[in-house]
Amino acid sequence: MLEAQFVCYGKYLLRYSNGEELYRIKDMLSPDPEQKEFTFIDDVFGQHYHDMNSSKENLLRQIIRHVNNSPNKRMLINTRMTILQEARQRFNFADGSSDGKEPFSIVDMNQITLLEKAEIFVNHLRCRSVPRNYIDSVKINHAYRSIVRHTNYTPRIIDRCTQEKYVREIKPDEYATHILHTLNHANEIWDDEFKHRLNEPDRVFLYTLYSLTNHNVSENALRKAVNARLNPSVMSGESTNVNDILQRLNESMIAITYQNNTRMIGAINPSVNDFLRSYLYQTPEERDRIIEHATFMEQIERISACTDDKAYGEEKINRLLGSFISGRDAPGYADSSDSAIYTNAALLVLAKQHEYVVDGTNVQRFSRIAKNFMNAVLQGNIGFVDSGFCFKNTTGYSQRTSSFLPDSVQVLKSLNDDYAILDQWQGDKESLENILAASDGLEIKSHICALFYDSALSKLDQSHLDALTNVIIDDLDAEIDFIQDSADVSDYCENSIDDYDDSSYLDDSAWDIANEIADAVQQDIYNQTSVLPQELQSRLSTVDAYNYENAVADELARYEDAEAMDVFLSTNNYANSIANSQIDKLFKNL
């Protein structure tokens with residue numbers, strides 16, 4: 001609803017991504033600070049637990065700063081509070097800030113008022129057209145008060161309890177009692193549905209969905225994975241079983257949406273994924289069956305993580321490597337056919353690391369795998385990111401990390417050592433533009449540019465080398481601009497704002513701090529581009545302290561006003577207690 005307000009009435013451009021694809025937000029954000037943009041990142045730190053690596057954490061921090069430094073940009077991120085607390089332990093957002101506060105405001109759904117909870121309940125009853133005799137049951141003896149005040153109350157459970165399927169299975173006079181029972185056993189909300197109301201194909205469908213995604217996946221990919229389990233003899237075509245399952249589970253345990261005219265399937269809400277993950281943790285035989293029939297790499301990786309037994313994942317990767325060496329190609333990821341090219345190339349590198357014996361009869365196959373990988377790289381279908389890889393799909397590029405596979409830079413270097421795959425590049429700047437467009441981050445792009453520039457020196461005359469150099473410099477400068485725009489006083493200034501608390505000194509200190517920030521940002525850029533040849537590094541943009549002078553002055557001014565602002569906020573705290581009479585009035589009008 002916030003997103004709709006900004007887009008429809010504020011005329012903001014919408015930027016959306018889930019937490020797995022932060023780089024897409026970075027690529028979409030306009031460098032123009034006047035461009036109005038509203039960014040929404042769903043499940044930003046992960047859905048079950050904090051699963052961001054350090055590079056993603058740093059990228060998120062850069063994005064937050066970029067938005068905060070631009071007056072016409074807004075950003076909304078969501079996460080569970082338990083995951084936010086874990087993220088705070090790993091990644092101190094307030095570290096070094098002038099006022100010791102995080103650079104965002106928090107709306108904690110655990111802190112919504114009783115009246116707001118009551119309004120949510122009333123809206124669900126009204127909008128779901130719950131029959132009048134059921135509503136009357138909730139009103140008897142003010143039963144709604146117990147529901148609204150219940151410690152397990154969440155909008156998600158209220159949504160579940162007002163769905164037509166839930167309501168029609170309960171007698172009207174038992175409705176309020178049943179809602180309270182559901183609240184008392186909130187952790188078991190899906191247990192009865194899953195174990196006693198679904199048949200085995202439905203359960204297999206849900207296992208398979210969870211094995212593919214925390215969010216949603218294309219219906220086509222899901223059908224392939226489900227049919228591999230339910231109908232292994234059916235190579236292609238529609239499955240009546242899957243159609244029936246989709247009908248049965250839609251709007252009860254799954255949701256069907258559309259993205260770019262593609263039908264996408266996902267769990268109806270994260271609590272379904274929580275239940276499935278918990279169930280698979282306790283059911284090793286089901287994990288084995290999913291991996292045995294896996295159609296996509298996600299399934300092997302995700303299900304291997306559904307246990308605390310580290311040897312379990314190692315055993316699965318060894319089995320996958322053994323199958324690969326014996327001649328069976330590995331699966332790709334669900335949303336890109338080119339990802340299979342990467343997984344096989346990565347397994348080729350991994351096999352060497354594990355000292356698998358490469359049979360002479362396989363040399364031609366392995367050479368083909370290496371060549372196919374390089375061709376996909378030159379076309380921009382496979383890119384390079386920190387500790388992972390990137391591949392093109394129908395919506396752009398999707399970034400991946402893997403607990404099994406080496407990262408794409410490592411794959412490129414290893415295959416070039418063994419198969420000289422860089423020789424496939426003829427020095428054309430179009431291919432390098434494709435590679436850079438598919439790759440992310442100044443440090444990663446610097447490594448890639450260094451490799452290709454070194455190869456170009458022996459292939460190109462001076463005029464073509466100059467043209468290629470311009471491509472490299474333009475792309476790296478764009479990354480540098482993003483780093484400059486994302487710079488923050490609290491991270492780059494060695495002195496704290498407390499050192500500049502003399503108001504008569506503020507004007508003079510702003511320029512000093514701006515220069516200090518510029519020097520620190522420049523050093524950061526040098527560190528990330530250190531692999532570049534000197535002839536490239538010397539042409540990169542340099543940081544100007546003028547970029548930060550106004551921002552520093554504003555920060556110092558805010559520091560002066562911080563004490564007054566604290567007083568203002570303390571007098572405007574929203575009380576969290578609502579009289580029963582207000583709630584009673586709300587239900588009386590229902």
Side-chain angles (χ1 to χ4, degrees), residues 18 20-21 47 165 190 193-194 197-270 272-273 275-277 279-280 283 286-306 320 323 328-344 381 391-398 400:
N18 59 48
E20 296 177 349
E21 299 182 337
Q47 191 172 100
K165 181 178 179 179
W190 299 111
E193 179 90 9
F194 187 79
R197 301 177 187 232
L198 300 184
N199 55 36
E200 184 60 17
D202 292 354
R203 287 193 285 269
V204 168
F205 180 96
L206 290 170
Y207 296 144
T208 306
L209 177 60
Y210 178 79
S211 74
L212 288 167
T213 182
N214 277 337
H215 299 279
N216 51 36
V217 66
S218 72
E219 181 181 352
N220 183 51
L222 180 59
R223 282 180 179 276
K224 288 180 181 178
V226 171
N227 274 316
R229 177 77 180 274
L230 293 178
N231 307 293
S233 61
V234 179
M235 300 303 295
S236 62
E238 293 296 310
S239 166
T240 303
N241 286 341
V242 175
N243 287 334
D244 291 344
I245 294 169
L246 284 168
Q247 277 193 325
R248 285 195 297 269
L249 298 183
N250 188 27
E251 297 304 326
S252 63
M253 297 192 80
I254 66 170
I256 300 175
T257 57
Y258 286 84
Q259 293 180 13
N260 299 315
N261 297 319
T262 300
R263 283 215 336 166
M264 307 293 290
I265 314 295
I268 196 165
N269 63 56
V272 175
N273 284 335
F275 172 80
L276 292 169
R277 180 171 178 267
Y279 187 84
L280 288 170
T283 319
E286 185 57 44
R287 295 200 303 266
D288 288 342
R289 283 192 288 267
I290 293 172
I291 293 176
E292 180 184 351
H293 294 89
T295 306
F296 300 107
M297 196 67 189
E298 289 101 327
Q299 298 176 268
I300 301 173
E301 291 179 348
R302 284 173 57 80
I303 299 304
S304 294
C306 285
L320 187 63
S323 175
R328 182 178 177 183
D329 284 352
Y333 290 84
D335 52 356
S336 172
S337 57
D338 288 306
S339 61
I341 296 173
Y342 174 79
T343 57
N344 283 280
N381 294 330
F391 56 78
K392 184 180 286 187
N393 58 28
T394 55
T395 59
Y397 286 97
S398 180
R400 294 278 181 183

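Just so we're clear, the structure is a prediction, and the values are computed from it rather than from any experiment.
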pair [X]-[Y]: side-chain heavy atoms closer than 4.5 Å:
X: Leu206; Y: Leu198; result: yes
X: Ile268; Y: Ile254; result: no
X: Phe205; Y: Leu222; result: yes

Checking [X] side chain against [Y] main chain: does a donor-acceptor pair fall under 3.5 Å?
X: Arg287; Y: Cys306; answer: yes
X: Ser304; Y: Glu301; answer: no
X: Thr213; Y: Asn216; answer: yes
X: Asn273; Y: Asn214; answer: yes
X: Asn381; Y: Asp338; answer: no
X: Ser323; Y: Leu320; answer: no
X: Ser339; Y: Gly332; answer: no
X: Thr343; Y: Pro331; answer: yes

Salt-bridge contact [X]-[Y] (side-chain N to carboxylate O under 4.0 Å):
X: Arg229; Y: Glu292; value: no
X: Asp335; Y: Lys392; value: no
X: Arg289; Y: Glu200; value: no

TODO: Decide whether Tyr207 and Gln299 meet the rule of one side-chain donor and one side-chain acceptor closer than 3.5 Å.
DONE: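 Per modelled atom types, Tyr207 and Gln299 side chains form no pair under 3.5 Å.
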
TODO: Test Phe391 against Tyr333 for side-chain contact (heavy atoms from CB on, under 4.5 Å), laying out the working first.
DONE: CA-CA 10 Å; Phe391 56 78; Tyr333 290 84; 3.8 Å; yes

Atom pair [atom1]/[atom2] of [X] and [Y] - distance to nearest 0.5 Å:
X: Ile245; Y: Leu209; atom1: CD1; atom2: CG; value: 11.5 Å
X: Met253; Y: Lys165; atom1: CE; atom2: NZ; value: 8.5 Å
X: Ser336; Y: Tyr342; atom1: OG; atom2: OH; value: 13.0 Å
X: Asn220; Y: Met264; atom1: CG; atom2: CE; value: 11.0 Å
X: Ile256; Y: Ile265; atom1: CD1; atom2: CD1; value: 4.0 Å
X: Leu246; Y: Arg223; atom1: CG; atom2: CZ; value: 5.5 Å

Open item on the list: Given the ring of Tyr210, does Arg302 sit roughly above its face, with NZ or CZ under 6.0 Å from the centre of the six-membered ring and within 45° of the axis?
Closed with: yes

TODO: Would you name the heavy atoms of Ala330 and Asn344 that are closest together and state the gap between them?
DONE: N-OD1, 2.9 Å

Open item on the list: On a heavy-atom basis, which atom in Leu212 and which in Ala225 lie closest, and how many Å separate them?
Closed with: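 Looking at all heavy atoms of both residues, the closest pair is CD1-CB, 4.0 Å.
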
Task: Plane angle bin for Phe194 and Phe275 - parallel if under 30°, tilted between 30 and 60°, otherwise perpendicular - done: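 Perpendicular.
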
TODO: Please test Glu219 against Lys224 for salt bridge (Lys or Arg N to Asp or Glu O under 4.0 Å), starting from the C-alpha separation and ending with a verdict.
DONE: CA-CA 9 Å; Glu219 181 181 352; Lys224 288 180 181 178; over 6 Å; no

